[in-house]
Amino acid sequence: MNISTPAVVLKFDPNVMHHGGLGVIRSLGRAGVRVYGVHEDRLAPAANSRYLRGRLLWRPDPARPDRVLAGLARLGEIIGRPAVLIPTDDAGAIFLAEHGTALRGSFLFSKPPADLPRRLAGKYSLSEVCRQLGVASPLAARPASVAQAQEFAAAAGYPVVAKLTDPWQPHGALRSTQVLTDKRELIRVYDASARAGTGLMLQEFVPGGQGNDWFFHGYCDADSVCRPAFTGVKVRSYPPAAGLTSFGRSAPNAPLAREITGLLARLRYRGPLDLDIRLDARDGRYHLLDFNPRLGAQFRVFRDAAGTDVALAAYLDLTGQPIPRSDQIDGRSLLVENYDPVSALARWRAGDLDLRRWLASVRDADEWAWFARDDLRPFGLMCMRMGWRALVRKLPHRERDHDQFH
């Protein structure tokens, strides 16, 4: 493997507790690649990884593309040679697809159709794409009034899922996804999104259950060939039943992988991707719930027998090197330390998980989002930030607006 080309991890999301970028830094850094990172805070956990060669403290604003392009061009000058550029959030992937042409002299990154990442990352636009292509997905609507929202919920039946249509856009305290169990919750959520000026989509709730929540991570080359193509089971999530994977396990699923790689070829997709999928026990079909047109935060749960993960696959392809052909390793697990205890507690209260089984899953995890024996500072900073966050919540504060998501 030729590691002479440096790499840059790009993050637009101001949330310093995003662990996906740290996974990229560690994956490429351990392989010997010189990795640079864009970080919003000097004490951001990922900004303190031992595997970073350099960091830029900066909060790119995608609403000001000229300034972002100028900042990235300056970063390219500092590095001094073309570098692989890996976005770790939807905003970054959308920005590069729509505005990245001017950067191709300084950076190497995937080139999907310019409008595709935005259409796939958008919750309602993804639903439209699925309808056009005949891909199984939950029934969805974008209500223009609270009356239309209630009509959809009455027809679909509770619970229903509420999603912000453009979750990469600033949305304050609003949660991007929430399961609503009754009319009162529906009205509260609709009113909160209307006041915030954010688009809201309602979606049919597809019954899940243990073993029915899947996720797919992969990388598509310039010909839209997906390799590697990894499948896994979402064992626990945060928030429960409607959030990111807090504990997941690698599980090869050839039929699902064939279905998804076929879809990616039809879309002419290029680059890394992260999909959430649910098997509907009612019809036996896999329903596409979310499509993230970038590297997924939990990508380190997956590795093939050659040691290749999605970040390494992207690096190899973008630097003109072949991606090894190898089988996915079965049974690897990943735990997100700052979210999984909350998810496990909710499962315990529901009677779905006992303390012994949870502790066994923690003990046997192959990969942790933050903790790594060879790179301890990010874990320590994560713990400090979580402790501070818990303390602040207990301090006296002004009355919150209880009509908003928390």
Side-chain angles (χ1 to χ4, degrees), residues 1-13 18-39 46-47 49-56 58 60 68-69 71-112 117 217-228 269-274 292-297 299-300 302-304 306-324:
M1 176 176 169
N2 185 335
I3 57 170
S4 61
T5 303
V8 174
V9 179
L10 176 65
K11 184 168 88 69
F12 281 46
D13 187 345
H18 186 279
H19 56 272
L22 176 61
V24 180
I25 292 166
R26 287 171 170 168
S27 177
L28 298 183
R30 286 166 178 155
V33 177
R34 289 176 294 136
V35 185
Y36 299 82
V38 175
H39 302 280
S49 172
R50 63 175 291 200
Y51 291 107
L52 265 184
R53 178 65 62 92
R55 63 185 180 184
L56 175 65
W58 178 36
V68 175
L69 289 172
L72 288 172
R74 176 58 181 152
L75 177 58
E77 292 173 0
I78 293 172
I79 295 173
R81 59 177 300 172
V84 170
L85 186 58
I86 299 180
T88 59
D89 52 34
D90 293 343
I94 291 169
F95 181 87
L96 291 180
E98 296 177 351
H99 303 284
T101 301
L103 297 171
R104 293 201 173 273
S106 301
F107 296 101
L108 308 171
F109 53 93
S110 301
K111 189 178 181 181
H217 288 210
Y219 176 80
C220 291
D221 64 16
D223 296 320
S224 299
V225 174
C226 188
R227 190 171 74 248
Y269 187 82
R270 305 181 193 105
L273 63 140
D274 165 20
N292 301 303
R294 40 76 180 169
L295 184 138
F299 80 95
R300 287 288 296 168
F302 297 117
R303 189 183 299 166
D304 64 21
T308 306
D309 59 28
V310 175
L312 281 169
Y315 181 86
L316 289 169
D317 182 64
L318 293 170
T319 55
Q321 303 179 70
I323 301 172

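Throughout, numbering of the chain's residues begins at 1 and tracks the sequence. In this text the structure is predicted, and so the values were computed from the model without any measurement.
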Quick one: does any side-chain atom of [X] pair with a main-chain N or O of [Y] as donor and acceptor, under 3.5 Å?
X      : Y      : answer
Arg55  : Gly37  : no
Asp223 : Val225 : no
Tyr269 : Cys226 : no

Between [X] and [Y], what is the shortest heavy-atom contact and its length?
X      : Y      : value
Leu28  : Ala7   : CD1-CB, 3.7 Å
Ser110 : Gly271 : OG-CA, 3.2 Å
Leu52  : His39  : CD1-NE2, 3.4 Å
Phe12  : Ala91  : CB-CB, 3.8 Å
Pro60  : Val68  : CB-CG2, 4.2 Å
Phe299 : Gly20  : CE2-O, 3.9 Å

* Asked: So, are Asp89 and Arg294 salt-bridged, with charged N and O less than 4.0 Å apart?
  -> no
* Can you check side chain to side chain contact (heavy atoms under 4.5 Å, CB included) on Lys111 and Arg104, steps first, answer last? -> CA-CA 10 Å; Lys111 189 178 181 181; Arg104 293 201 173 273; 3.3 Å; yes
* To do: Start with the C-alpha distance between Leu72 and Leu10, add both sets of side-chain angles, then the distance that settles side chain to side chain contact (heavy atoms under 4.5 Å, CB included), and finish with yes or no.
  => CA-CA 10 Å; Leu72 288 172; Leu10 176 65; 4.1 Å; yes
Could you measure the distance from the [atom1] atom of [X] to the [atom2] atom of [Y]? Nearest 0.5 Å is fine.
X      : Y      : atom1 : atom2 : result
Asp221 : Asp317 : CG    : CG    : 5.5 Å
Leu75  : Trp58  : CG    : CH2   : 7.5 Å
Ile25  : His19  : CD1   : NE2   : 13.0 Å
Leu318 : Leu108 : CG    : CG    : 6.5 Å

With side chains defined as the heavy atoms from C-beta onward, is the minimum distance between [X] and [Y] less than 4.5 Å?
X      : Y      : answer
Thr319 : Asn2   : no
Leu312 : Met1   : yes
Tyr315 : Ser27  : no
Phe302 : Asp309 : no
Leu316 : Pro322 : no
Val38  : Lys11  : no

* Leu69 and Phe95: CA distance, side-chain angles, deciding distance, side chain to side chain contact (heavy atoms under 4.5 Å, CB included) verdict -> CA-CA 10 Å; Leu69 289 172; Phe95 181 87; 3.9 Å; yes
* Begin with the C-alpha distance, continue with both residues' side-chain angles, and end with the deciding distance and a verdict on side chain to side chain contact (heavy atoms under 4.5 Å, CB included) for Phe109 and Leu103. => CA-CA 9 Å; Phe109 53 93; Leu103 297 171; 4.1 Å; yes
* Asked: Considering the options Leu85, Ile86, Thr101, which one meets the side-chain contact (heavy atoms from CB on, under 4.5 Å) requirement together with Leu96?
  -> Leu85
